Amino acid sequence: MRLLSTLGALAAAAGVAPAFAADVTAKPVKQVAVIGAGAAGASTAYHLHRYAEEAGIAVNITIFERSSRVGGRTLTVNAHDNPLSPVELGASIFVRVNHILWNATDDFNLVRIDPGVDEKGLFGIWDGDSFVYTQDSESWGWWSLAKLFWKYGTAPYHVNNLVQQTVGTFLKLYEKPYFPFRSLTTRAFELDLVKVTGVTGTQFLAANKLDGPFAHDIVQAASRVNYMSNLAYIHGLGTMVSMAPEGAKSVLGGNWRIFTSMVESSKAYLNLNTTVVSIAQEEAKDTNEMISKYIIKTSNTSSAEAGKVVRQSVAFDDVVIATPWQFSDIKEEGDMIQHPIEPVPYAKLHVTLFSSPFRFSPQYFNLDPAAPVPNSVLTTLAGNDEAKPGSAGAGKAGFFSATQVKKVTNPKTSGEEYVYKIFSPEAVTSEFLSSLLGVKVPETFVRTSATDDGEDADFETIDPISWYHPAVFHPYPQKLPRVTFQDPILGRGLYYTSGIESFISTMETSALMGKNVARLIADDYLGISSTKEENVSAGLGHDREQVVLGGKQGVATDEL
Ligand SMILES: Cc1cc2nc3c(=O)[nH]c(=O)nc-3n(C[C@H](O)[C@H](O)[C@H](O)COP(=O)(O)OP(=O)(O)OC[C@H]3O[C@@H](n4cnc5c(N)ncnc54)[C@H](O)[C@@H]3O)c2cc1C
Ligand SMILES: *[C@@H]1O[C@H](CO)[C@@H](O)[C@H](O)[C@H]1NC(C)=O
Ligand SMILES: *[C@@H]1O[C@H](CO)[C@@H](O)[C@H](O)[C@H]1NC(C)=O
Ligand SMILES: *[C@@H]1O[C@H](CO)[C@@H](O)[C@H](O)[C@H]1NC(C)=O
Ligand SMILES: *[C@@H]1O[C@H](CO)[C@@H](O)[C@H](O)[C@H]1NC(C)=O
Ligand SMILES: *[C@@H]1O[C@H](CO)[C@@H](O)[C@H](O)[C@H]1NC(C)=O
């Protein structure tokens, strides 16, 4: 219902021709295609519309989206199919320093909520043998510094300072003279962030004398739940970002609302169920026309003739590819992409959501039957676990996290249940769920409630799992150390947003890259841009073709 009404609103917006500034009627309308309606594509359209309005440029934006909805990796599913119980299946949290998302929630009157359980409980970090850390948890604010002091001394304080400092440096990318940027590699170098991205989390923490138990227990639990990676296989920046979720928020009803609001506000033509299959450069008909335009072919995802390819009638001045190229299946016709997009190793994550009246079993965690059991569990490596990369990295615990995310009412039994979310490298099995919950799953669990006279026993069946929703994602790249990042400019009028994912992959950073590309396009129309990179720091970043540091694009700098 919620989704349908939103689609209705978007369709209405799409039917309205964009309002053009009156004084530019003589100039031709700039045609811009955005491929993908996730955080990056929605932000591109939103900001380009704003910049164009400010500058009186006539821009006509068309968005192509393969799926039937806006949001991409930001999406909810409804527990028990109840639209009143949406649960984040993809990107679930953002923080105060995520200025684009935070401001958008204000601008669109969206309500920010504290994600997480609606009740007090215990939160723990499990290493496959025992809990290395537990604390009371009232919300998603996993670790309160005060509570960490007694166990880890001043390390939490110092790590927190390092996080604040790194985030502060990163935030310079939002402002002049660092914004906009034609090369992320150049900016990472200018801001000295390559010192953080070029080493592993382990190395970065060690360089700051912070590689003790706090790193192993807490920081690694954070890098595992955020980026399914042990500290030895994630760069320092990814590590710092993992430790930043203090004060985490979600949007009431779903984070995707930020992006549907952005698309609506952009007045773009939104084509859902439309897969872009190829991009080609148009033959220049007019010899005076120096710059050729782009021709896009699409296929209709939902129709019976799904394979039928249609050539879009509009020729585009600019095309923004706002999705990881390697999963887009878009064909490049000719040699249009001057700066080839190198594939990046993406992790594969199983996300399992389910609802159950049961809590986690003390036995599963080697606890006394009467002991309190955490309702949210993050994990780290066991003492004798070898740190491994990617899917092999879960170690003895076998999963990255198992958290209680919501309390719901089962519509059939009217009983109270918990919605759990499990992040694991492999699909969860019924054996695993049976021992985690301490009940036989999936066979129906039968409970006998004895009656006074012992006769006529009242049989009541309780489903151990009443709603089940598994999903598999390529959620983010494996953040191996690196000092170069795919640039946002692929060629004249051709842009790419997903290069930022190897730097940091969050909704905010994708939105930032979308905003950056929007600024570059607007500046290009205004004649502001040149092919030269702005001269931010003396002698550096003068030319975006220049490879600032050694190290080949797409290749990690250490021996992984
Ligand atoms: C399980 C999970 C948990 C996460 N947790 C968080 C979190 O808590 N906080 C956070 O900030 N981030 C989180 N992330 C990361 C975050 O979701 C991503 O970094 C961000 O959403 C990426 O946005 P994007 O627009 O760049 O890409 P996407 O969201 O992937 O959008 C790309 C869009 O392009 C479309 N598309 C692809 N190919 C084509 C084509 N050929 N034609 C037309 N359309 C096409 C796709 O359908 C998609 O809608 C999480 C991700 C996952 C999966
Ligand atoms: C804007 O683009 C759409 C295609 O998405 C096209 O149908 C429409 O005619 C264009 N409008 C203008 C004014 O160029
Ligand atoms: C967010 O809003 C604040 C307050 O209006 C403003 O100062 C800031 O520049 C905005 N940031 C972004 C990224 O929009
Ligand atoms: C997209 O496809 C889905 C599934 O086929 C369908 O339910 C939906 O109505 C379609 N949406 C649009 C806008 O065409
Ligand atoms: C896809 O095809 C169906 C059936 O032919 C049509 O109703 C729908 O409008 C088309 N959608 C798009 C996005 O072209
Ligand atoms: C760039 O910086 C250098 C060193 O400060 C300076 O000599 C040069 O003039 C600058 N170039 C431009 C285009 O501003």
Side-chain angles (χ1 to χ4, degrees), residues 3-4 7-8 10-11 14 17-18 20 28-44 58-75 88-95 98 101 115 140 225-228 241-242 245 248-250 255-256 259 267-279 296 298-304 306 312-314 316 321-331 346-351 353 421 423 471-477 496-501 504-514:
L3 188 62
L4 283 180
L7 288 177
L10 290 172
F20 300 113
V29 175
K30 293 288 186 181
Q31 305 291 346
V32 180
V34 177
I35 305 172
S43 171
T44 304
V59 170
N60 186 30
I61 308 168
T62 303
I63 302 175
F64 299 103
E65 169 52 52
R66 177 159 67 183
S67 76
S68 59
R69 54 176 186 85
V70 167
R73 273 169 274 171
T74 305
L75 73 163
E88 296 290 354
L89 180 62
S92 55
I93 55 171
F94 57 96
V95 291
N98 292 165
L101 301 184
W140 199 254
V225 68
N226 276 290
Y227 291 123
M228 57 180 295
V241 168
S242 301
K249 296 285 178 191
S250 300
N255 293 329
W256 53 266
F259 308 118
K267 307 276 198 295
Y269 285 79
L270 173 64
N271 297 287
L272 295 173
N273 292 334
T274 307
T275 305
V276 170
V277 295
S278 72
I279 312 173
I296 283 181
T298 60
S299 74
N300 180 334
T301 319
S302 61
S303 88
Q312 293 292 315
S313 53
V314 174
F316 295 98
I321 301 166
T323 186
W325 177 255
Q326 66 204 76
F327 304 125
S328 72
D329 296 324
I330 301 171
K331 276 210 309 280
Y346 271 74
K348 191 169 165 193
L349 175 69
H350 288 258
V351 179
L353 285 170
K421 182 187 275 188
F423 284 173
V472 186
F473 289 96
H474 284 118
Y476 21 68
Y496 183 59
T497 60
S498 298
I500 201 167
E501 290 199 43
I504 307 179
S505 44
T506 59
M507 296 181 280
E508 175 74 11
T509 35
S510 280
L512 172 64
M513 187 52 103

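Counting convention: from 1, in listed order, for ligands and their atoms alike. Given the structure is predicted, the values throughout are model-derived calculations rather than measurements. Just so you know, residue 1 is the first one in the sequence shown, and it goes up from there. Computed from heavy atoms alone, side chains included, the values below leave out hydrogens, waters and symmetry copies.
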Any N or O of [X] closer than 3.5 Å to N or O of ligand 1:
X: Phe473; value: no
X: Thr497; value: no
X: Ser498; value: no
X: Glu508; value: no
X: Met507; value: yes
X: Arg73; value: yes
X: Tyr476; value: no
X: Phe423; value: no

Location of contacts on [X] toward ligand 1, heavy atoms closer than 4.0 Å:
X: Pro475; answer: both
X: Ile35; answer: side chain
X: Ile93; answer: both
X: Leu89; answer: backbone
X: Ala322; answer: backbone

[X] side chain to [Y] backbone, donor-acceptor under 3.5 Å:
X: Thr301; Y: Arg66; answer: yes
X: Asn273; Y: Asn300; answer: no
X: Thr509; Y: Ile504; answer: yes
X: Asn60; Y: Val29; answer: no
X: Arg73; Y: Pro475; answer: yes
X: Gln312; Y: Thr298; answer: no
X: Tyr496; Y: Trp325; answer: yes

| Yes or no on side chain to side chain contact (heavy atoms under 4.5 Å, CB included) for Thr506 and Glu508, after CA distance, side-chain angles and deciding distance? | CA-CA 5 Å; Thr506 59; Glu508 175 74 11; 3.8 Å; yes

Could you tell me, atom by atom, which parts of ligand 1 come under 4.0 Å of a heavy atom of [X]?
X: Phe64; answer: 43 (C), 44 (N)
X: Thr274; answer: 43 (C)
X: Gly72; answer: 29 (O), 31 (O), 48 (C), 49 (O)
X: Thr74; answer: 21 (O)
X: Val351; answer: 1 (C)
X: Thr275; answer: 41 (N), 42 (N)
X: Gly71; answer: 29 (O)

| Minimum heavy-atom distance Met228-Ala347, with the two atoms named | SD-CB, 3.6 Å

| query | Which heavy atom of Pro115 sits nearest a heavy atom of Ser250, and at what distance? | reply | CB-OG, 3.3 Å

| message | Please evaluate residues Ile296 and Thr62 with respect to the criterion side chain to side chain contact (heavy atoms under 4.5 Å, CB included), reporting the C-alpha separation (whole Å), side-chain torsions for both, the decisive distance (0.1 Å), and the verdict. | response | CA-CA 11 Å; Ile296 283 181; Thr62 303; over 6 Å; no

Does a side-chain heavy-atom distance below 4.5 Å link [X] with [Y]?
X: Ile35; Y: Ile279; value: yes
X: Tyr476; Y: Leu349; value: yes
X: Pro477; Y: Ser505; value: yes

| task | Determine, step by step, whether Asn98 and Met507 satisfy the side chain to side chain contact (heavy atoms under 4.5 Å, CB included) criterion, reporting the C-alpha distance in whole Å, the side-chain angles of both residues, the deciding distance to 0.1 Å, and the verdict. | result | CA-CA 9 Å; Asn98 292 165; Met507 296 181 280; over 6 Å; no

| task | Could you say whether the N/O atoms of Asn273 and ligand 4 ever approach to under 3.5 Å? | result | yes

Identity and distance of the protein heavy atom lying nearest [atom]:
atom: atom 40 (C) of ligand 1; answer: Val276 N, 3.8 Å
atom: atom 44 (N) of ligand 1; answer: Arg66 N, 3.0 Å
atom: atom 37 (C) of ligand 1; answer: Thr323 OG1, 3.2 Å
atom: atom 46 (C) of ligand 1; answer: Glu65 OE2, 3.5 Å
atom: atom 26 (O) of ligand 1; answer: Ser510 OG, 2.8 Å

| query | In Å and rounded to the nearest 0.5 Å, what is the CD1 to CZ distance from Ile330 to Phe64? | reply | 10.5 Å

| Are any of the N or O atoms of Thr62 closer than 3.5 Å to those of ligand 2? | yes

| query | For Tyr269 and ligand 2, does the shortest N/O to N/O distance drop below 3.5 Å? | reply | no

| request: Please confirm whether Ala511 comes under 4.0 Å of ligand 1, counting heavy atoms of the residue only. | output: no

| said: With a cutoff of 4.0 Å, is Ile330 in contact with ligand 1, counting heavy atoms of the residue only? | reply: yes

| query | Counting heavy atoms only, which part of Gln31 comes closer than 4.0 Å to ligand 2: side chain, backbone, both or neither? | reply | side chain

| request: Just say parallel, tilted or perpendicular for the rings of His474 and Phe327, cut-offs at 30° and 60°. | output: parallel

| Stepwise side chain to side chain contact (heavy atoms under 4.5 Å, CB included) test for Lys267 and Ile61 | CA-CA 8 Å; Lys267 307 276 198 295; Ile61 308 168; over 6 Å; no

